[in-house]
Amino acid sequence: MTRRFLFVLGSARADGNTELLARRAAEQLPRDVEQQWIDLTEHPVPDFEDLRHDSDHVRPTEGNVALLLDATLAATDIVIASPLYWYSLSAHTKRYLDYWSGWLRTPGLDFKATLAGRTLWGVTALAHTQPEVADPLVGTLNNSAAYMGMRFGGVLLGNGSKPGDVLNDTEALTRAKTFFAQEAPLARFVYED
């Protein structure tokens with residue numbers, strides 16, 4: 001399968017530090033790698049309603065939920081580009097991941113089997129000098145990938161608060177040059193180590 005990257009932008013700010021860092025990393029991808037960028041503020045989805053035990057699930061055929069589902073299923077690599085908000089993912093991003101619960105139960109999708117073996121990546125900007133404060137965000141993405149049987153490429157961290165600050169983080173920009181070139185291992189839960 002030809003590699004196809006889906007970049008899911010979860011910032012509440014257009015052209016924020018996380019997006020800037022993600023775009024720098026994406027510039028390094030080979031030209032034949034397809035890229036699709038979806039900004040969750042431009043394609044909002046309603047709050048996820050958990051109906052897994054109450055009703056039949058139907059595949060969405062229109063609107064932003066269908067757009068995200070189709071893009072997710074088509075991607076070989078899914079990049080969650082979410083700033084660190086209160087030490088975790090943004091609400092927009094979390095809502096997108098919540099929809100995975102419904103897609104797991106949608107007849108005919110085989111959502112988990114389809115994503116198994118594909119790669120989940122993360123990109124985040126944080127306004128803190130200690131990268132460990134992003135551990136909850138990293139854990140969420142790693143555990144999501146492990147549950148789905150996906151590979152996990154890790155999270156590209158950059159520092160920045162004001163718009164454009166991340167462009168001064170030379171270490172993050174250096175890491176961005178090779179971030180997507182690394183081999184992503186199969187994700188594992190911490191207790192499996």
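Not measured: the values here are computed from a predicted model.
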May I ask you to check if K112 and Y147 form a cation-pi contact, with NZ or CZ under 6.0 angstrom from the six-membered ring centre and within 45° of the axis?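 Yes; both conditions hold, so K112 lies above the ring face of Y147.
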Mind listing the closest non-hydrogen atom pair of [X] and [Y] along with its distance?
X	Y	result
L6	A75	CB-CB, 3.7 Å
T18	A81	CG2-C, 3.5 Å
P131	L126	CA-CD1, 4.4 Å
L186	R151	N-NH1, 3.5 Å
A146	A187	N-CB, 3.4 Å
L73	R118	O-NH1, 2.5 Å

Identify whether the distance between the nearest side-chain nitrogen and carboxylate oxygen of R23 and E27 falls below 4.0 Å.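 The answer is no: the pair does not qualify as a salt bridge.
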Please confirm whether the backbone N or O of [Y] pairs with a side-chain atom of [X], one donor and one acceptor, at under 3.5 Å?
X	Y	value
R3	D77	no
S90	T93	yes
N64	P44	yes
Q182	F179	yes
R105	S101	yes
Y96	L68	no
N159	A127	no
N143	G139	yes

Set out, in order, the CA-CA distance, both residues' side-chain angles and the distance that settles side-chain contact (heavy atoms from CB on, under 4.5 Å) for I78 and T72, then state yes or no. CA-CA 7 Å; I78 300 167; T72 301; 3.7 Å; yes
Reported CG-to-CD1 distance for the pair L67 and I38, which is rounded to 0.5 angstrom: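 Result: 4.0 Å between the selected atoms.
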To the nearest 0.5 Å, tell me how far T76 OG1 sits from M150 CE.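 Going from the OG1 atom of T76 to the CE atom of M150 covers 9.5 Å.
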Identified ring pair (Phe, Tyr, Trp, His ring centres under 6.0 Å) partner of W121 from the options F152, F7, F180: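 Of the listed residues F152, F7, F180, the ring pair (Phe, Tyr, Trp, His ring centres under 6.0 Å) partner of W121 is F180.
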Is it true that [X] and [Y] fall in one hydrophobic cluster, defined by side-chain heavy atoms closer than 4.5 Å?
X	Y	answer
L84	L21	no
W86	L137	yes
L9	I80	no
L115	V79	no
L69	L120	yes

State, with a plain yes or no, whether a side-chain heavy atom of [X] is found less than 4.5 Å away from one of [Y].
X	Y	answer
L167	L20	yes
E19	S11	no
D47	D98	no
D165	D169	no
V33	F5	yes

side-chain contact (heavy atoms from CB on, under 4.5 Å) between R24 and V166, intermediate numbers included: CA-CA 11 Å; R24 285 294 174 100; V166 77; over 6 Å; no
Would you say that more than 12 heavy atoms from the other residues, nucleotides or ligands in this model lie under 6.0 Å from the [atom1] of [X], or not?
X	atom1	result
E132	CD	yes
F189	CZ	yes
E171	CD	no

Using side-chain contact (heavy atoms from CB on, under 4.5 Å), reason through H92 and T41 one step at a time and then give a plain yes or no. CA-CA 7 Å; H92 298 300; T41 60; 3.5 Å; yes
Determine whether V65 and W103 satisfy the following criterion, side-chain contact (heavy atoms from CB on, under 4.5 Å), listing intermediate values before the conclusion. CA-CA 10 Å; V65 175; W103 298 340; 4.0 Å; yes
